[in-house]
There are 2 protein chains.
Amino acid sequence: MKLTSKGRYAVMALVDLARFDNINPVSLRDISLRQGISLDYLEQIFSKLRKKEIVQSIRGTQGGYILKRKAKEIKLTNIFDAVDEKVKTVQCKKESKKGCNGKSTKCLTHNLWDELENHINNFFEEKSLEDLVKDNSERRI
Amino acid sequence: MKLTSKGRYAVMALVDLARFDNINPVSLRDISLRQGISLDYLEQIFSKLRKKEIVQSIRGTQGGYILKRKAKEIKLTNIFDAVDEKVKTVQCKKESKKGCNGKSTKCLTHNLWDELENHINNFFEEKSLEDLVKDNSERRI
DNA sequence: TATAAACCTGAGTAAAATAGTCAAGTATAT
DNA sequence: ATATACTTGACTATTTTACTCAGGTTTATA
Ligand code: FES
Ligand code: FES
């Protein structure tokens, strides 16, 4: 079970962006330099974040990105959802009555993985971008 | 973030095995048929489980595997550890003072991922094989 | 109005991880 | 003897990841 770079970078970039929230748009180039993430890769990620209305883009010179919603209202779960970093523990289709083994009942471990999925998602639903920015500025004092 | 087949199968196979605990050794062939897991793959998995003393093998005809420890004392975390299904959220080496970005401080999200890792591992440390077997037999009543 | 900064889009690709298979054994109950 | 079942190690196809690359378009500003 591991976190992918895409998810990790998305959050990292947004924390960076959120720290300058509403002062100026932040260019991907700056984020790229500060956080050591490839610019081209960031563009892919921000394209998805924009489509899910987490950030807003401002084109042209002096352009960049700003948050579209308040940092408090952006949960980790929204970010992960936007970049397709999904938690997948069960093998079967949840809606189907069939199990992952192809049989007509769910497998011996289905409930367990379902519980695990909820356990992890709870964590993501609780954390907001604001929390992350705060945690970070506290560390710096 | 997803669970691999190896981890999923390891737990599934052990729940199957634990249900017959100490009556008879259970052959991998039987588990393979009941759970729909390739026999060859099961062999790989049980080789690891044996090395970590979670199961014990009995060779020859009528042979198979039995649990080496009590089901109550086998936690999910032990199983996952045995088959190298590890939870990996941070990118950097935890011991190192360097960050995942190559800089001399930890990145903006390091603490977050560390918390997440603990959150997930807590789940694995709480659940024992006994719990899983019970959950399952209850469902059947 | 020329220019450069910055966003935008889609395709392509190398490397890594996963999910197995395959082959050739050894041990033991019957 | 023989069939059942564990043991071991190598090998491979597929999928996923983590990017790169090549072209755009928009807009502030000199
Ligand atoms: S994971 Fe859902 S049936 Fe096995
Ligand atoms: S994950 Fe540890 S420094 Fe970034």
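So that the names make sense, note that chain A is the first sequence line, chain B the second, and so on, each numbered from 1.
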By side-chain contact (heavy atoms from CB on, under 4.5 Å), B/Val90 pairs with (sequence neighbours left out) B/Cys92, B/Lys94, B/His110, B/Trp113, B/Glu117
List in numerical order all residues of residues 38-51 of chain B for which some heavy atom is under 4.0 Å away from an atom belonging to DNA chain C.
B/Ser38, B/Asp40, B/Tyr41, B/Gln44
Going by salt bridge (Lys or Arg N to Asp or Glu O under 4.0 Å), name the residues that satisfy it together with B/Lys127, two or more places apart in sequence or in a different chain.
A/Glu115
At a heavy-atom distance below 4.0 Å, which nucleotide of DNA chain C is the first touched by chain B, and which is the last?
C/dT18 to C/dA29
Ignoring hydrogens and angles, write down the donor-acceptor pairs under 3.5 Å from the side chains of residues 67-79 of chain A, residues two or more places apart or on other chains.
unit_1  : atom_1 : unit_2  : atom_2 : d
A/Lys68 : NZ     : A/Glu53 : OE2    : 3.4
A/Arg69 : NE     : A/Glu53 : O      : 3.4
A/Asn78 : OD1    : A/Lys75 : N      : 2.8

Considering residues at least two apart in sequence or located in another chain, which fulfil the side-chain contact (heavy atoms from CB on, under 4.5 Å) criterion with B/Lys51?
B/Ser47
Residues that B/Glu85 engages under salt bridge (Lys or Arg N to Asp or Glu O under 4.0 Å), provided they are two or more places apart:
none
With ring pair (Phe, Tyr, Trp, His ring centres under 6.0 Å) as the rule and sequence neighbours excluded, what pairs involving residues 66-103 of chain B come up?
B/Phe80-B/Phe124
For residues 38-46 of chain A, which side-chain N or O atoms pair as donor and acceptor with protein atoms under 3.5 Å away, sequence neighbours left out?
unit_1  : atom_1 : unit_2  : atom_2 : d
A/Ser38 : OG     : A/Asp40 : N      : 3.4
A/Ser38 : OG     : A/Tyr41 : N      : 3.1

Is A/Ile66 isolated, or which residues cluster with it under the ILVMFWY side-chain rule of less than 4.5 Å, directly or via members?
A/Ile58
What salt bridge (charged side-chain N to carboxylate O under 4.0 Å, His left out) pairs are there with at least one residue in residues 24-37 of chain A, not counting sequence neighbours?
A/Asp16-A/Arg34
Would you tabulate the nitrogen or oxygen pairs shorter than 3.5 Å linking the protein to nucleotides 24-28 of chain D?
unit_1 : atom_1 : unit_2  : atom_2 : d
D/dT25 : O2     : A/Arg59 : NH2    : 2.7
D/dT26 : O4'    : A/Arg59 : NE     : 3.4
D/dT26 : O4'    : A/Arg59 : NH2    : 3.4
D/dT27 : O2     : A/Thr61 : OG1    : 3.3
D/dA28 : N3     : A/Thr61 : OG1    : 3.4

